[in-house]
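Accompanying notes for the structure given below.
We're numbering straight along the sequence, starting at 1.
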Amino acid sequence: MAEPIRVVVTGAAGQIAYSLLYMIARGEVFGKDQPIVLHLLDIPPMVGVLEGVVMELADCALPLLVEVVPTTDPAVGFKDVSAAFLVGAMPRKEGMERKDLLSANVKIFRTQGQALDKFAKKDVKVLVVGNPANTNALVCSSYAPSIPRENFSAMTRLDQNRATSQIAAKLGVPISAVKNIIIWGNHSSTQYPDAGQGKVTANGTVKSVVDAINDNGYLQGSFVETVQKRGAAVIAARKMSSAMSAAKAACDHMHDWWNGTAPGQFVSMGVFSDGSYESPKDVIFSFPVEIKNKQWKIVSGLTLSDFAKTKLSVTGKELQEEKDEALSVLDSNVSNL
């Protein structure tokens, strides 16, 4: 049996973690022969709920789960971890401006970045799920200078899964028949779900999604809007935010980062921008990536339509604004110390 690896989940008493912890502990992310020590980090008011989660994990009798470490202390939570799922964040409340939300989250992710820097393994893979995920990941990385910044990413896999599911349903094919649907930009309503590079296999033949659907009005209209607004639609129906699908997407994201992507297949990850596709540099921007040996690489040389370029420009502008706002919050916090 392999040596156990330590994995931390923050917001461990919350909704998303409730589905996520089981999937990780079952071996769906790191492999069916990889023992796990789970670190469950949450805030002091959630300690009672956390105890219940610990009991349930014990009652699942999961063979790969070697130990569970529940804690409210980031020093314990991040100690020697090889992978981090940063799920806990301040949710947006009614009447809250984006700046208020950023301000609350900047403080959370600064603390977590500092703890990762001090206590985690230097090759730790950090996935930020808590929103605003792209900018939270940027803040977190900036406070963990000893960890390579390519080890930080934000989750746009939920959006990719949503988009892939919409295309499969539209074409009447199984999910597994649709590949390379991309999410560009921010995990927000400005993101651009792009079927332009997508491939579909039907009756043994591979063709482009654009040709198979043959309806640009749909691909540039209701398809994009449905994916952009899916989170709000789930809240309206369920009276709570996406939890099961977010947990599954977090598992998909980390699984592919850990194990690699199949040849010719790419996945969407929010990663540090190098300016590819005229995106702003040094923001966390969702790109199509290929992964090998736990290293992601932005897929280059894709041809984008003028419509796509316009959409990338809008989401890039929002990310630059978010970054500037977050940095101004950080500056004012520093001057208040």
Side-chain angles (χ1 to χ4, degrees), residues 3-26 29-30 34-58 60 62 64-91 104-133 135-149 151-155 243 246-247 250-251 253-254 257-258:
E3 277 290 300
I5 57 168
R6 293 179 180 271
V7 178
V8 64
V9 176
T10 72
Q15 279 258 25
I16 293 172
Y18 195 67
S19 292
L20 177 60
L21 292 167
Y22 174 68
M23 293 183 204
I24 296 169
R26 261 195 73 175
V29 180
F30 302 102
Q34 177 59 66
I36 300 250
V37 176
L38 264 182
H39 292 208
L40 313 186
L41 181 63
D42 216 315
I43 52 176
M46 300 306 288
V47 163
V49 179
L50 208 51
E51 283 171 7
V53 173
V54 173
M55 286 185 225
E56 283 216 76
L57 282 167
C60 286
L62 294 154
L64 292 173
L65 189 54
V66 177
E67 188 188 350
V68 178
V69 181
T71 185
T72 59
D73 180 357
V76 176
F78 291 105
K79 180 78 174 138
D80 293 334
V81 295
S82 295
F85 293 83
L86 306 188
V87 180
M90 164 74 77
N105 279 300
V106 156
K107 290 165 195 160
I108 293 169
F109 285 88
R110 177 178 60 188
T111 303
Q112 295 186 353
Q114 289 165 335
L116 280 159
D117 197 54
K118 270 193 205 157
F119 304 112
K121 296 202 162 186
K122 294 306 169 200
D123 61 354
V124 62
K125 300 284 179 262
V126 183
L127 167 58
V128 177
V129 177
N131 286 320
T135 300
N136 287 343
L138 179 89
V139 169
C140 196
S141 168
S142 66
Y143 281 94
S146 68
I147 296 168
R149 64 185 204 158
N151 288 22
F152 288 82
S153 70
M155 186 171 88
C251 286
H253 179 124
M254 190 65 84
W257 200 357
W258 205 261

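- Using a 4.5 Å heavy-atom threshold, the side chains of W258 and I5 count as touching.
- Here the closest heavy-atom approach between residue A25 and residue L38 is recorded as CB-CD1, 4.2 Å.
- For the residue pair A137 and A154, the shortest heavy atom distance occurs at CB-CB, 4.2 Å.
- V54 meets the side chain to side chain contact (heavy atoms under 4.5 Å, CB included) test with L40, V68, P70; sequence neighbours excluded.
- By the 4.5 Å heavy-atom criterion applied to side chains, V128 and F109 are counted as neighbours.
- When each of K121, K118, Q114, Q112 is paired with F78, the side-chain contact (heavy atoms from CB on, under 4.5 Å) condition holds for Q112 and for no other.
- Smallest separation of non-hydrogen atoms from V106 and V139: O-CG1, 3.8 Å.
- The closest side-chain heavy-atom distance from P132 to N136 is below 4.5 Å.
- Scanning for side chain to side chain contact (heavy atoms under 4.5 Å, CB included) contacts around A144 gives D117, I147, F152, with sequence neighbours left out.
- Residues H39 and T71 form no side-chain contact, since every pair of their non-hydrogen atoms from C-beta on lies 4.5 Å or further apart.
- The side-chain heavy atoms of F85 and I16, taken from C-beta on, include no pair separated by under 4.5 Å.
- A donor atom on one side chain and an acceptor atom on the other are not found under 3.5 Å apart for E56 and Y22.
- Of all the heavy atoms in S142 and P145, the pair that sits closest is O-CD, 4.2 Å.
- Residues meeting the side chain to side chain contact (heavy atoms under 4.5 Å, CB included) test with A120, sequence neighbours left out: V81, L116, V124.
- Atom CG of L127 sits about 7.5 Å away from atom CG of L86, to the nearest 0.5 Å.
- For the atom pair CE of M254 and NZ of K125, the computed distance is 9.0 Å after rounding to the nearest 0.5 Å.
- S153 is linked by a side-chain hydrogen bond (donor to acceptor under 3.5 Å, both in side chains) to H253, counting only residues two or more places apart in sequence or in another chain.
- For the pair E67 and V69, the tightest heavy-atom approach, listed with the atom from each and the gap, is OE2-CG2, 3.7 Å.
- In terms of heavy-atom proximity, L20 sits nearest to C251 at CD1-SG, 3.6 Å.
- Y18 OH: 12 or fewer foreign heavy atoms inside a 6.0 Å radius.
- Screening residues 76-87 for side chain to side chain donor-acceptor pair (under 3.5 Å) gives no qualifying pairs among residues at least two apart or on separate chains.
- Between the NZ atom in K122 and the CG atom in N151 there is a gap of 10.5 Å [rounded to 0.5 Å].
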Item checked: R26 vs L62, side chain to side chain contact (heavy atoms under 4.5 Å, CB included): CA-CA, chis, key distance, verdict -> CA-CA 6 Å; R26 261 195 73 175; L62 294 154; 3.6 Å; yes
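- In this structure, OG1 in T10 is found 7.5 Å from CG in D42, a value given to the nearest 0.5 Å.
- Residues satisfying the side chain to side chain contact (heavy atoms under 4.5 Å, CB included) criterion with S19, sequence neighbours excluded, are M23, M244, A247.
- We find the CD-CD distance between Q34 and E3 to be 9.0 Å, quoted to the nearest 0.5 Å.
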